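Below is one structure; the comments refer to it alone.
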Amino acid sequence: MWTAEVSLPEFAVRSVALLGRERMLVFDTLLHPGDMSAFAGLAGNREIVTVYSHADWDHIWGTAGLPQSGGEVVGHSACADRFRAEVPETLAARRAGEPGVWDDVELIAPTTLFGESLALDLDPWAVELHHVPGHTRDSIVGWVPAAGVLLGGDVVEQPWPLAGAGLPLDPWITALREWALRPELRVVIPSHGAIAGPDLLERNAAYLTALRDGDDYPIPGGTDPFYADHYAADLRRYREQPEVGTD
Ligand SMILES: [Zn+2]
């Protein structure tokens with residue numbers, strides 16, 4: 001298993017490659033096709049299977065830099081919905097705001113779609129994809145049981161995940177608690193923030209529970225203002241409309 005990371009002044013984001021005998025899985029493709037050059041070099045003559053953790057721009061714009069233009073591209077059915085209007089609109093807005101910077105991006109929508117879960121065979125690795133909405137409605141995680149690794153996307157994040165407006169938190173909290181209880185789970189690889197153990201799942205579940213209930217969550221000293229601001233805005237939203245947070 002390999003990771004590729006891009007650091008911008010505002011944030012860093014990570015993508016993961018898993019090498020099978022004849023196929024390579026790429027979980028998220030970062031910002032630019034060039035961000036995938038290391039994974040393209042790893043692929044050899046393997047078939048590529050690209051998985052999108054969700055359709056946010058920092059996870060999906062590098063696909064064209066992979067061999068076979070990303071090969072089979074897999075995502076939640078709501079991810080494909082977002083590619084119809086929102087994803088091209090976001091790219092157009094970025095191109096207008098930063099001329100020349102995003103010209104190399106080519107949008108490649110997922111065509112292998114699922115609802116609740118999907119099993120992939122990366123011989124010798126079995127990979128399970130599971131829908132965990134909450135950050136966005138199309139968010140998923142990837143589970144590699146033989147390695148004890150959970151690919152978290154933005155479902156799991158350091159120091160806490162960003163709740164999507166209008167989405168219930170209950171299914172997300174339940175999923176995090178269930179994953180945290182799995183004895184085989186050893187490593188959590190989020191898209192943003194340090195690679196961690198199952199304790200990150202517990203901390204994220206505690207944070208989201210406080211948010212749902214409108215409780216104060218103790219913000220550790222030195223927390224990045226980006227996360228502190230998100231917490232304040234999300235807390236305000238759930239306090240004003242508590243019914244949105246529950247299932
Ligand atoms: Zn993200």
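In listed order, ligands and their atoms are each counted from 1. Residues: numbered from 1 along the sequence shown. These numbers come from a predicted model, not from an experiment.
Inclusion of H54 in the first shell of the Zn ion (ligand 1) is not supported: no N, O or S atom falls under 2.8 Å. Not a single N/O/S atom of D56, whether from backbone or side chain, sits less than 2.8 Å from the Zn ion (ligand 1).
Figure legend: cation-pi geometry between R203 and W160 absent, as NZ or CZ is not positioned both under 6.0 Å from the six-membered ring centre and within 45° of its axis.
Looking only at atom types and distance, the side chain of Y52 has a donor-acceptor partner in the side chain of T63 under 3.5 Å away.
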Item to complete: Evaluate the criterion side chain to side chain donor-acceptor pair (under 3.5 Å) for residue pair D138 and H76; output intermediate values, then yes/no.
Response: CA-CA 6 Å; D138 60 333; H76 191 266; over 6 Å; no
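Here the angle centred on the Zn ion (ligand 1), running from NE2 of H59 over to NE2 of H192, is 110°, rounded to 10°. Considering the Zn ion (ligand 1) as centre, the angle to OD2 of D154 and to OD2 of D58 is 170° (10° rounding).
Between V155 and W172, the shortest heavy-atom contact is O-NE1, 3.0 Å.
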